[in-house]
Amino acid sequence: MSDEQLSYLELLARGAAAEAYDRPALLARASGAGPEALAALEQAKQLALRVRAELEGRRRREAELSALFETAHDLAGLRDLDAVLRAIVQRARSLLGTEVAYLSLNDPVAGDTYMRVTEGSVSARFQQLRLGMGEGLGGLVAQTARPYVTESYFDDERFRHTRTIDSGVRDEGLVAILGVPLTLGSQVIGVLFAADRRARVFEREQVALLGSFAAHAAVAIDTANLLAETRSALAELERANGIIRAHSGVIERASEVHDRLTELVLRGGGVHDVAAALSEVLGGAVGFTEGPLPGSAYGDGRAVRHGDDWVAAVSAGGEVLGALVLRGHPDLDPVDRRTLERAAMVTSLLLLARRSAGEAEQRVRGELLDDLLDAPERDRRLLRERAARLRTDLDAPHVVVAARIDRSAPDTAERSAPERDTGGRDAAGRDAAGRDAAGRDAPGHGTPPGDAAVRESADRQRLWSAASHLAATRHGLASARDGGTVLLLPLGPGDTAAGLARHVAKHLGGTLREPVTVGASSPVDAPAARPGAISPAYAEARRCLEALRLLGRSGEGAAAQDLGFLGLLLADSRDIAGFVDRTIGQVVAYDRRRGTDLLRTLDAYFASGMSPVRTKDALHVHVNTVAQRLDRIARLLGPDWQSPARALEVQLALRLHFMSTAVAR
């Protein structure tokens, strides 16, 4: 083998370009080689070029196989469909050596195909193209499910040109385009393209290679769709499982509540035991609130939201006994809400049972108070013993309170209107006309006078029951008397007779949802030591009650000290000093403290017909001095001290003060 022939092996080893294989023959011809030598070199050259082409083909196939392997690897670890499709398009562009590669997918709803991934594209219009079936090269491939190639797009008449598609292709500058279908079974789901901006012939191997990438892309899309369906199915299963778990939890909680409440009732548990059990089950703080509720929190036997709390009224026969309150739990599902309502019903049953057991005690309390009123001469030691058994301390200060339901109050109809169910009936089964389920008139609803008396009797019974409950909770006594109720209640530290009367009126009125007028006596220091003082105190309380009604203050509570000089007349104690102190005590104290003469100025002012000019003449001072003194008096007594009612009380207090001062001298 000559040196020139060996040079071809060197060129093959270096991977030289095809043009370099002409050099050895040219050098031999230049050196004067003969025809035989030149023919041998030509033969060696052709062999070397064939070997080079074979090596190039092997390298190309190796690269193609490597790309296909990498694509398969991407599919095996599929996480992001867009990333996989982008890698397929990039590899197709690189291996086919085209300037642009892109992939479109069919839209079954719109009936066309749209661009999904592009590589090498520079035109925004081209990247947003949508091709109808049969339109453009891609539309033809999508319609026929066969690969198509064109060396010059705009000169090819095999497919239908449209202005929109041609404008996009022209903007991109494409000339030669190869498109192969993406198929799943017999269904075409899209098209994979390779394109150049110059005329080009795509070889059969390149068409086959792009078809292989298209097959991988179809698999990737199918896998992604299956994964999406699987994830969706798993999500649905998870949601269903969550619902099942939630329902199971709800059923378990409801069963637990039922068991615990049943156990509480059977072993004689109390209201607070119910609240404690409910707190554990509902996962919140549940408490029992005794007595009337806010107006918006009564409901119709159902739990209602009150701010961030839930309130379930505990009631029986139209009487509100209290409420179960779930605090700080604004979001409450319907099942837990029904649990709260059932617990309220159980609580009402427990309270009714406790009330039934306590009615005997209430009767005993009533008998003791009746004896204090009617037979005060009884043995005081026995009175103390009876009171001690009822946990009542008759050696402490007490107040006698007289209470009566007063339907003459302006808001009686509004406060006493019973709540009705969806059938228009109230808790007693009466309709709006007062008839029961059988069509009979109920007491007090368009009924004869005799039935009205029945209703009044029922009202007295309800008032006595509520008053007895209040008396028991405050360690006092209660009895039904004179068409109303009388209570003997202890005075706590800081309590006053007037404050206690207002509290009783508010409590009983809220419990019965009827206006209750309450009058209170002056305090009785020790009823056990002075049982004879109870009856006069009761008479004083009744006089206060009647005075409230005459003054148009039905539904309120007051003691003699609240009624000014009228209270002075009504009270048995005739607390003159207290009346004077409440009326002009601040003026008296100011004169005593400052050495001023405001009291004499007041007396002269009233004696002069409330004329500042005549007052200054009587006092022999300047009129400005009178004005200054009257201004000081107004700051001490309040701006309304010259109103007719206040002026009358001030004048009476002045007279009583001057009289008591004169007597003391």
Side-chain angles (χ1 to χ4, degrees), residues 361-404 464 467-468 470-505 518-548 557-563 566-582 656 660:
E361 179 183 336
Q362 292 171 3
R363 283 191 291 273
V364 174
R365 290 178 183 274
E367 291 171 359
L368 176 57
L369 182 53
D370 286 337
D371 286 347
L372 288 172
L373 288 168
D374 300 330
E377 68 281 356
R378 291 199 175 189
D379 188 343
R380 297 179 183 179
R381 181 180 59 82
L382 291 178
L383 290 176
R384 284 191 175 93
E385 290 179 358
R386 292 169 62 187
R389 287 196 293 269
L390 297 172
R391 300 182 299 281
T392 298
D393 182 10
L394 292 182
D395 289 313
H398 280 65
V399 171
V400 178
V401 175
R404 184 181 301 167
W464 172 77
S468 297
L470 175 62
T473 58
R474 295 183 65 93
H475 304 292
L477 305 175
S479 177
R481 181 173 285 248
D482 299 320
T485 300
V486 56
L487 298 92
L488 181 65
L489 299 176
L491 271 178
D495 286 347
T496 64
L500 187 59
R502 288 190 290 270
H503 170 75
V504 172
V518 174
S521 70
S522 301
V524 178
D525 290 336
R530 299 173 52 223
I534 300 299
S535 182
Y538 172 55
E540 178 184 339
R542 287 190 62 195
R543 288 195 296 271
C544 286
L545 187 152
E546 294 301 330
L548 285 174
Q561 67 190 59
D562 292 324
L563 302 176
L566 182 59
L568 185 66
L569 299 175
L570 296 175
D572 287 332
S573 60
R574 300 293 189 267
D575 184 13
I576 295 175
F579 171 73
V580 171
D581 184 63
R582 288 192 299 273
L656 293 173
S660 63

(request) Drop me the distance from T496's OG1 to H503's NE2, to the nearest 0.5 angstrom. (result) 12.0 Å
(request) Give the minimum heavy-atom separation between A501 and A520, together with the two atoms involved. (result) CB-CB, 3.7 Å
(message) Would you compute the distance between atom CG of D374 and atom CD1 of I534 and round it to the nearest 0.5 angstrom?
(response) 12.0 Å
(request) Please report the shortest heavy-atom distance between H398 and P490, naming the atom on each side. (result) CD2-N, 3.5 Å
(request) Determine whether L394 and L372 make a side-chain contact, defined as any pair of heavy atoms from C-beta on separated by less than 4.5 Å. (result) yes
(message) Measuring from atom CG of L369 to atom OG1 of T485, what distance do you get when rounded to the nearest 0.5 angstrom?
(response) 10.5 Å
(request) Return yes if some donor-acceptor pair links the side-chain N/O of S521 with the main-chain N/O of V400 below 3.5 Å, else return no. (result) yes
(message) For L487 versus A403, what's the shortest heavy-atom pair and its separation?
(response) CD1-CB, 4.5 Å
(request) Going by the side-chain contact (heavy atoms from CB on, under 4.5 Å) test, name the single residue among D495, V504, L491 that passes it with V399. (result) L491
(message) Quick check: closest heavy atoms across R386 and D371, and the distance to 0.1 Å?
(response) NH1-OD2, 2.8 Å
(request) Quick one: list whatever passes salt bridge (charged side-chain N to carboxylate O under 4.0 Å, His left out) with D525, sequence neighbours left out. (result) none
(message) Are L500 and R474 packed together at the side-chain level, in the sense that at least one heavy-atom pair is separated by less than 4.5 angstrom?
(response) yes
(request) Check A505 against G557 and note the closest heavy-atom contact, atom names and distance. (result) CB-N, 3.7 Å
(request) Looking only at non-hydrogen atoms, find the nearest pair between L368 and L383 and report the distance. (result) CD1-CD2, 3.8 Å
(message) Is there a side-chain contact between R481 and L373 in this structure, where contact means two heavy atoms from C-beta onward sitting under 4.5 Å apart?
(response) yes
(message) Could you tell me if the side chain of V524 sits less than 4.5 Å from the side chain of R530, heavy atoms only?
(response) yes
(message) Any non-hydrogen side-chain atom of R384 less than 4.5 Å from a side-chain atom of D395?
(response) yes
